[in-house]
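Right, one structure below, let's go through it.
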2 protein chains.
Amino acid sequence: MPWLSQSSTNEVINRICDKIWLAVVQRTLRPGARLKEEELTEIFATTRARVRQALLILEQDGLVTITPNRGACIAEPSVEDAHDAFSARLAIEQRLVSRLCQTASAEDIRLLRDHIDQERKAHERGDNEAMIRLSGEFHMLIAKLSGAGLLLKILRMLTIRTSLITAMYQTQATQTCGPDEHDRILAAIEARDAQSASHEMAHHLHHLETALRLSDTPIPVSGLHEALATNLRKRPS
Amino acid sequence: MPWLSQSSTNEVINRICDKIWLAVVQRTLRPGARLKEEELTEIFATTRARVRQALLILEQDGLVTITPNRGACIAEPSVEDAHDAFSARLAIEQRLVSRLCQTASAEDIRLLRDHIDQERKAHERGDNEAMIRLSGEFHMLIAKLSGAGLLLKILRMLTIRTSLITAMYQTQATQTCGPDEHDRILAAIEARDAQSASHEMAHHLHHLETALRLSDTPIPVSGLHEALATNLRKRPS
DNA sequence: GTCAGCGTATTTGTCGACAATCAGAGCCCC
DNA sequence: GGGGCTCTGATTGTCGACAAATACGCTGAC
């Protein structure tokens, strides 16, 4: 269940957005890579209008940059952008967990625990794709459970951006947060300790950010085309 | 200088978005009003594709809701949506002013003061349109000066929503915050008192929210068409 | 008199073709 | 030999027409 691109009602467009996002976080599509409309059209076996809509959505999400008459590229967020994104996430997510501490039902807690279990399983079997998805989804789940539709939407945007940033600036170390820190956040929520939960969240995000090498810009080179094609072979139709 | 819709590069689309937003906050276009594509096409003397793009942007901003095969209407945010929006603004803007307390230069302060002066002048001469614009812009200016591009983008989204909410739920009293509360926020920033600034911002937003009658839903009826036409006559081409 | 079913008319969604724009190679002039 | 210009190829932006879907009104039966 892709948690991205709930924007569009059209299934094809959602698939395009999702595949591109996946290719980016898996580093098969590098920042700066050009995304020619015609090319995407034949890869996804659709029309150019659809591809265009998808690119527009991805631009809104900050995953690609569109320059007029020049087309779309995978975005290249600067170090400053990276700090911005994490800073914004901090503001949003601290508030979310604090709120959730007051409102969480037993059912909510169970859902979060189940989710972390899934994360752990994916982690154990080394399923990278699932890990990436689930790590993001955990934060989204918190937003959803806290009942704030708008903050969920905002967080979704921010999560996409930090995904890109992580893919761009990560060291060779883990590119996703392990389940343990999520666990500690959940524990704080379960204990209804808003201050602790807020603190754990801050720690978690700080950890994510400092795991990157944001000092030197690694000047990423652009890959192309086969990235998406490979992804498609995994799920042919 | 419309601070909305920097999304698109196309001037026509920006104009459409801006006019519709203006019509909404001035209550000449009521929530629930249908926005037929053909109609907008002839009003703005453009093509349907352009109108469509504009509507897509406005949907992203939360100003209109698009239901598939049914077209676009001015959004009708629920009371819950309203609380969401103000809550999100609180989270964002408290952080923004706190940051600005540390980073504000003399030039920044001067810009803010000039802005408040403009607000006051507009207030004195009873220029409602200018008041609406400037009130929103003040908050955007804080975001811009604090140097966080992403938070600016988010705040822009939230400001548009709260504008709609204000237009929808306002009592007959003032629909914009007077310049005085802005003044107090600025004073706190100038004094480098982050806690006080944060507090003043919270007070200000709380004031805005409680000025609405969010208990009973006033079931707004939809106006139509002449709203935009009237606006156009003001600025013919 | 009321309700179901159908046909039409209006509105949105989609597509293919054309026009505008830009990058780059090749050529000419200096 | 180097720099600037133009022409060409490729790519994006735009438009108008067609197809699909929905809402509304009409007819007819019960």
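All values reported here derive from a predicted model rather than from experimental measurement. Side chains are part of it too, since the values below use all heavy atoms of this structure and drop only hydrogens, waters and symmetry mates. Just so we're on the same page: letters track the sequence lines, and every chain starts at 1.
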* **Touch class at under 4.0 angstrom, heavy-atom based, for A:R48 against every strand present** => base
* Asked: Looking for any heavy atom pair under 4.0 Å, which part of the strands does A:R50 touch: base, sugar-phosphate only, or nothing?
  -> sugar-phosphate
* Side chain to side chain, A:L56 and A:I66, heavy atoms closer than 4.5 Å -> yes
[atom1] of [X] versus [atom2] of [N]: gap in Å, rounded?
| X | N | atom1 | atom2 | answer |
| --- | --- | --- | --- | --- |
| B:L35 | C:dT11 | CG | P | 13 Å |
| A:E38 | C:dA17 | CD | C1' | 12 Å |
| A:E37 | D:dT11 | CD | C1' | 8 Å |
| A:K36 | D:dG13 | NZ | P | 15 Å |
| A:R34 | D:dA10 | CZ | P | 13 Å |
| A:I66 | C:dT21 | CD1 | P | 18 Å |
| B:I13 | D:dG13 | CD1 | P | 11 Å |
| A:R52 | D:dT11 | CZ | P | 15 Å |

* Asked: For C:dC15, does either OP1 or OP2 sit under 4.0 Å from a side-chain N or O belonging to A:T47?
  -> yes
* To do: Consider the side chain of A:N69, meaning its heavy atoms from C-beta on, and name the nucleotide among C:dC22, C:dT12, D:dC15 that approaches it most closely.
  => C:dC22
* Basic-acidic side-chain contact under 4.0 Å: A:R89, A:E93 -> yes
* **Salt bridge present between B:R156 and B:D61 (N-O < 4.0 angstrom)** => yes
* **Donor + acceptor pair across side chains of B:D81, B:S78 (<3.5 Å)** => yes
* Contact nearer the 5' end of DNA chain C, comparing A:R70 with A:T46 -> A:T46
